[in-house]
Every structure is written in structure tokens, then in C-alpha cells.
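Just so we're clear, the structure is a prediction, and the values are computed from it rather than from any experiment. Each chain gets a letter, A, B and so on, in the order the sequences are listed, and its residues count up from 1.
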Number of protein chains: 2
Amino acid sequence: MDIARLAGVNPSTVSRALSGSQSVTEETRNRIAAIAKANGYVANHNARMLRSRQAHQILVIVPNIAAFSHPDVILGVEEALEEHGIGVIIGSTKGNEERENALARQLITGAADGLILLNGRVPEEFQGLPQYAKRIVAVSRPVDFPGVPFIGIDNESAALEATQYLISLGRSRILHLSGPRESSIFAARAKGYHAAMAEAGLEAHAEVMHLPFFTITSGRQALRDILTRRHLPDAVLCASDELAFGAIQSCREVGIKVPEQIAFVGFDNHPVSEAFSPPLTTVSVPRRDLGYVGAQTLLRSISDDLSETQAQILPYELIVRASCGRNRW
Amino acid sequence: MDIARLAGVNPSTVSRALSGSQSVTEETRNRIAAIAKANGYVANHNARMLRSRQAHQILVIVPNIAAFSHPDVILGVEEALEEHGIGVIIGSTKGNEERENALARQLITGAADGLILLNGRVPEEFQGLPQYAKRIVAVSRPVDFPGVPFIGIDNESAALEATQYLISLGRSRILHLSGPRESSIFAARAKGYHAAMAEAGLEAHAEVMHLPFFTITSGRQALRDILTRRHLPDAVLCASDELAFGAIQSCREVGIKVPEQIAFVGFDNHPVSEAFSPPLTTVSVPRRDLGYVGAQTLLRSISDDLSETQAQILPYELIVRASCGRNRW
DNA sequence: TTGAAAGCGATACCAG
DNA sequence: CTGGTATCGCTTTCAA
């Protein structure tokens, strides 16, 4: 590097000066910094990373970046990493396993130093490679891979509480609209829902509908089908706010009154839920914190001073709004 | 690399085989590929990139990843790049100039091969470095930097058309709720709005409110203020769907009827706008296509076969829903 | 088609 | 505190 020549020092001194090493006179450091700046010099990323064996990048794998809940998590991740000068790479998989593996390779090849999984699954590529566990954390959705920490909420308990709330309002024919059955997060919510129903002696009315997607469109279509039934539910617990938005839309379209005829509860507390009509009662998930804590956990895990924390459960909160009406009795 | 030893060939042959070079026997290539796979070998990313002077990564700079309109654009970018085996890095700046420059350095240091700007501004860092123009494209919001192509919609014309639509319904006291005045995209929309008002002889009623953010909260607060006025507008053209959601919420809270008393038009056609109550009339922006075309343009520009395309204007569409009611006359 | 050797641009280690 | 040198892991050029 010719900054060395210009400064009349050895390249290694330039390197030390620019990376803020202590073992360089402040005077020398300043002089080199000035020369570098004047010449618009910045160290080549790939060369540094090759030598120092760090990418200074963390990869976040999301199933779908357009889903309502992920951007806020990513925001939290960014905030945590920014403080450490670490960049964030995003990859969305859309459930495509091939794509998942391609992204996984970013970790294996050293393009990223760590992985934050929001998709609830460790890519196949890591099977039989337990040494990568310490470079991976799962956020929002747990994964089945030994040694990978999880940061999320207690979904079972949240669904339980939400269902109990509906029951406390006098609702009994409560339907649970959920996401893919295979996803542990939806399984947990369904479990909490069933527990509450059973506890209230309403098991006979319990019904879980697992949908392949938890989008607005998906919720809309599901309710269209349900509204053709002879006996309508009097409440619906939705596994995402998006499902609830679509579902409520369908009700409106056929003149079913919300919350009078059917009450709705969502999951996420997306910003829209407050502006929606009726404002949506929903389980608030600390998305940003999940991302923030997840990133911090990852950094600690990578640098080896993680005291075997296997799961961090953050608090959720049931936000009561008008979509469930008031107590009927 | 010991794959070479295992295969009994020279490292260079392994390199050639794995990168699919033609000048290697198919037989040799297959044999090496098999051995590499069996041993879980993948070439180190940073070393490859150092040598070949490519990062195979594109950086997308967004002002705020939680804004409703960006994720879809990113989706389009990902789709376009995935086909070329190029990864996507995301950085959100939250308007922080220092953060912008830090991200810019990713391009300068070679951590990324190109830059897609969704924030309407080329980072300071590139001032006086025109050679980077060919590695940058601006999507959604144009930037002021010679040689940087722009992919977006005709905002002025879209706002003009939306305003004309409101006028055609008999509305006359139309307010325009917009984002930061400094942003050219909002300036363009305001211009179209003014043109329509002037054309209809309603210039006297024209009023543009520039808000620092175009979020739900921002729209909600703005309308709260406006609704205390003696003379209410009879329509509001919002520069984003989010503003509209918040604004309509405020109307609902004080009992103002939408669309009877005030009609609303949004911008973006976010998925929620259809499920909202009332369903929101809005300008549909082809967000995904913008991202897709933007990424393609960038790739062509980087590889030098860009025929000096300076702007690609994609079609928008006014989606008419119930938030403006029907013609009053 | 393959091998040998020379870097890519930095950092790290060992002397001084 | 600074200089010299080996080296990170791969690709590429030049010969054979």
C-alpha cells in the first residue's frame, strides 16, 4: 500500500495505525490517518477478512422479508450490531430449501461470522457439523439443533392467556386460525389454546385451522369459507395480525359484525393493528428486543463467553382493544 | 487445500474444477467435486474475493427497513440477484449520515460490488469519486449524482391523477399530507397535486402539509390537529398508505365519517389497504418490479454494457376502493 | 488439460 | 514503538 511510502513507514505500521493499535505513537497514527484520508484510502475488506478470519458480517435468514413481523426484528439486530461495527446481510428463503443451503454456505465460506435464524429451521447443510452451533442463534422460532440458543416469547402461555381472555368475555365457540402445523411456534400456540379451552370445559368447541401461510390473503380466504357454515364461531384467535386483518375484512364483506358477532384476537401488535377498524386486540411481541437480544447473544456465543444460555424468553403482553368488545354478561 | 492432495492433483486444478472452468476434463471435474463434497469443502469466500476482486454481494441502503414500502422492493432485488448467485446486504440508515457513510464504505472496501439506494441520497463519502457512479442505482427515490440511473414511477403524474380523481368526485377542499419537503419524491407528488388543483381552479384551497415522517403515528397526529379546525377538508391525499391509516384512525376516533365527510387516497397499495376499513383508494406502486429492474440495471451497469439508461419509469395504477365514496352529484 | 509459481492486499509475528 | 517477512486461501498466468 502506497500510503506506507507516502508516510515513509512500513506497511505494517500503516496497518496498525489504521486499526487503532495501541502500539503506535499517537503522532504516527495521526499522521498516517491524515495521509490515508487525504488519499481516500480504505483498507480492502476481503484482504483484511482473509487475514483476520472475520467477515464482520452477520447473516439473518428470514422466511419472507415481506412478512409483517420480520423487519422490526431485523431493526433490533442492526442496532445491536451497529455498535460493534458489524454489518447485516439478509437472505429470505421463501421456504426454499436450496436457497436456505446457499445462504448457509455464506457462514461456511466465511462470508458471514454468524447466523440469526428467523425461520425456525437450521439449514440441512449444517447436519453433522455441530461446530457451527455456536455461530447460530434462533430468534422468534426455535430450532431443533443442539447448542443453538433461542430467543423468543412463551407462545403457549400467550395463546393460553389470549384464549382465556376471550372466554372471560363470554365467548365459547372459539376458533383458532393458525399457520403451518409443522412450525413449532404455531404448535405451541395451538397447545396453549387447547389448554385454555379444556380448562373451561370448552374442548368440544375447540377447532384449530392450520393454514399454509399467515398472510392477509390467507386469513381472508379462510374466513370466507368459515362464514358459509351453519354455526359460526363467536371468536377467532388468529396466530398473526395479518390473518386477523384478512379475516375481519371477510366478515365486513358479508355483514358480520365485529366484535358483536365474532371477536378477534391477533398476534404481533403490528403498528396497523391499532389503526385498524375495529382496533385489534393482540399479543404484543417485543420484536425489536428479540432481534437486539438475539444479536447480542450471538456475539457472545461466537466470542466464547456464553454461559450456556439455551433460551431467553422475553415478555409478551396482551393489548386489549375493541375487536373483542366488552364482557357480554 | 488438501482436497488437492486427496485427489492427487494440483491446487490450481481443484480451483478450476470447482469454479466450473472449461479447461478441465469432465472426469477430473467430477472426481474433484465428489471429493470436495465428501469432505464438506467449500472455498473460502474472502480468499476468492480477494483474488478475483469481486464480492458477489450487493448492498441495499434503506432509510428504515420497518417502513411499509421497502421490504417488497428488497424482495424484488433478491429475486433478480439470486439468479446470478449474488447476495444481498441490507443497511438501514434512519437518516443518520454517519451510518450512511459507514455503509458506503462497504462499496469502497470491496465488501459489496454495488449499491442500491432506496433513500434518495448518495452518501457524502462518494463526493468527488465519480468512478463509483456505475456501481450505484437509485430505486424509488432519485438521487442527485451524475451517472446514477433511477428506477421509479412518475410521482408527479400519479399525484396529479389521484387529485383529479378526488376532484371528479366533487371534492374541492383537498389537503395533501406528505413526507419531508426535502425529499424529491414528495416534492414531485406535491407538484402534481398543485397542478391538479390549479387546473380545476381550486388553487385557493390547496394546502400541503409536510411531515417529518410518513408513518401511521405521524398521520394520526396530523389529522388530530387538523380536525380541530373550523373548516375541515373534504378529502386528503396522503403520500403513503401509512399516513392514510393513521389519519383515518383519527377521523374514526372523533366520529368523522370516511368517506362521507372526508375522502382519503393513499400511496403504495400496501396489502393492508385492501383489508382496511374503509378499503383504501391508493396509487399502486410496483415495488417488487422496481427492485427487480433496479438490480438488473445495476448488474448491467457494473459489467459495463449499460447503454446509458438514465431513468426507467415504471407504470403506477390508481386502485379505486371505498375510501373516497362515489360521485356526490 | 494440468502443474508450478506468483501474487491478491492486508495482518501477525518476531526481531530489533 | 517500528520494520521485515511470512502467510491468510485461493485464482491466475505461464509453461509444459
Open item on the list: If you compare every side-chain N and O of B/Tyr41 against the phosphate oxygens of D/dC10 (OP1, OP2), does one of them come in below 4.0 Å?
Closed with: yes
Open item on the list: Test of understanding: with salt bridge (Lys or Arg N to Asp or Glu O under 4.0 Å), list the residues that count as partners of B/Glu182, not counting sequence neighbours.
Closed with: none
Open item on the list: What is the distance, to the nearest angstrom, from the CG atom on B/Asn10 to the P atom on D/dG9?
Closed with: 17 Å
- [ ] Return the set of residues passing side-chain contact (heavy atoms from CB on, under 4.5 Å) with A/Gln131 (not counting sequence neighbours), or none when no residue passes.
- [x] A/Leu129
Open item on the list: To the nearest 10°, give me the bend of the helix from C/dT1-D/dA16 to C/dG16-D/dC1, comparing the axes of its five terminal pairs at either end.
Closed with: 30°
TODO: Would you please name every residue forming a side chain to side chain donor-acceptor pair (under 3.5 Å) with A/Ser184, sequence neighbours left out?
DONE: none
TODO: Measure from CD on B/Gln54 to C1' on D/dC10 and round the result to the nearest Å.
DONE: 14 Å
TODO: Could you list the residues that satisfy side-chain contact (heavy atoms from CB on, under 4.5 Å) with A/Glu100, not counting sequence neighbours?
DONE: A/Thr93, A/Glu97, A/Asn119, A/Arg121, A/Pro123
Open item on the list: Side chains of B/Gln57 and A/Gln106 only: does a donor on one sit below 3.5 Å from an acceptor on the other?
Closed with: yes
TODO: List in chain and number order the residues that pass salt bridge (Lys or Arg N to Asp or Glu O under 4.0 Å) with B/Arg48, two or more places apart in sequence or in another chain; answer none if no residue qualifies.
DONE: none
Open item on the list: Check whether A/Asp113 reaches the backbone of A/His56 with its side chain - one donor and one acceptor, N or O, closer than 3.5 Å.
Closed with: yes
Just the atom pairs and distances: protein N or O near nucleotides 13-16 of chain D's N or O, under 3.5 Å.
from	atom 1	to	atom 2	distance (Å)
D/dT13	O4	B/Arg16	NH1	3.2

- [ ] Applying side-chain contact (heavy atoms from CB on, under 4.5 Å), name anything that partners A/Arg16, two or more places apart in sequence or on another chain.
- [x] A/Ser12, A/Thr13, A/Ser21, A/Ser23, A/Val24
Task: Sub-4.0 Å heavy-atom contacts from residues 25-33 of chain A onto DNA chain C, ordered by number - done: none
Task: Of B/Arg53 and B/Thr13, the one whose closest DNA chain C nucleotide lies more 5' - done: B/Thr13
Task: Whole-Å distance separating the CD1 atom of A/Ile3 from the P atom of C/dG9 - done: 14 Å
Open item on the list: Which residues pass the salt bridge (Lys or Arg N to Asp or Glu O under 4.0 Å) test with B/Arg288, not counting sequence neighbours?
Closed with: B/Glu79
TODO: May I have the distance from B/Gln22 (atom CD) to D/dT12 (atom C1'), rounded to whole angstrom?
DONE: 17 Å
Task: Selection from C/dT2, D/dG3, D/dT12 that lies nearest to any side-chain heavy atom of B/Ser15 - done: D/dT12
Open item on the list: Would you say that more than 12 heavy atoms from the other residues, nucleotides or ligands in this model lie under 6.0 Å from the CZ of B/Phe145, or not?
Closed with: yes
Task: Positions of residues 42-51 of chain A (non-hydrogen atom under 4.0 Å from DNA chain D), listed by number - done: A/Leu50, A/Arg51
TODO: Measure from CZ on A/Arg5 to P on D/dG3 and round the result to the nearest Å.
DONE: 15 Å
Open item on the list: Taking B/Asn44's backbone N and O only, do any of them form a donor-acceptor pair with A/Thr109's side chain (distance below 3.5 Å, no angle check)?
Closed with: no
Task: Nearest heavy-atom neighbours spanning B/Gly152 and B/Leu290 - done: CA-CD2, 3.6 Å
Task: Partner set under salt bridge (Lys or Arg N to Asp or Glu O under 4.0 Å) for B/Glu27, not counting sequence neighbours - done: B/Arg31
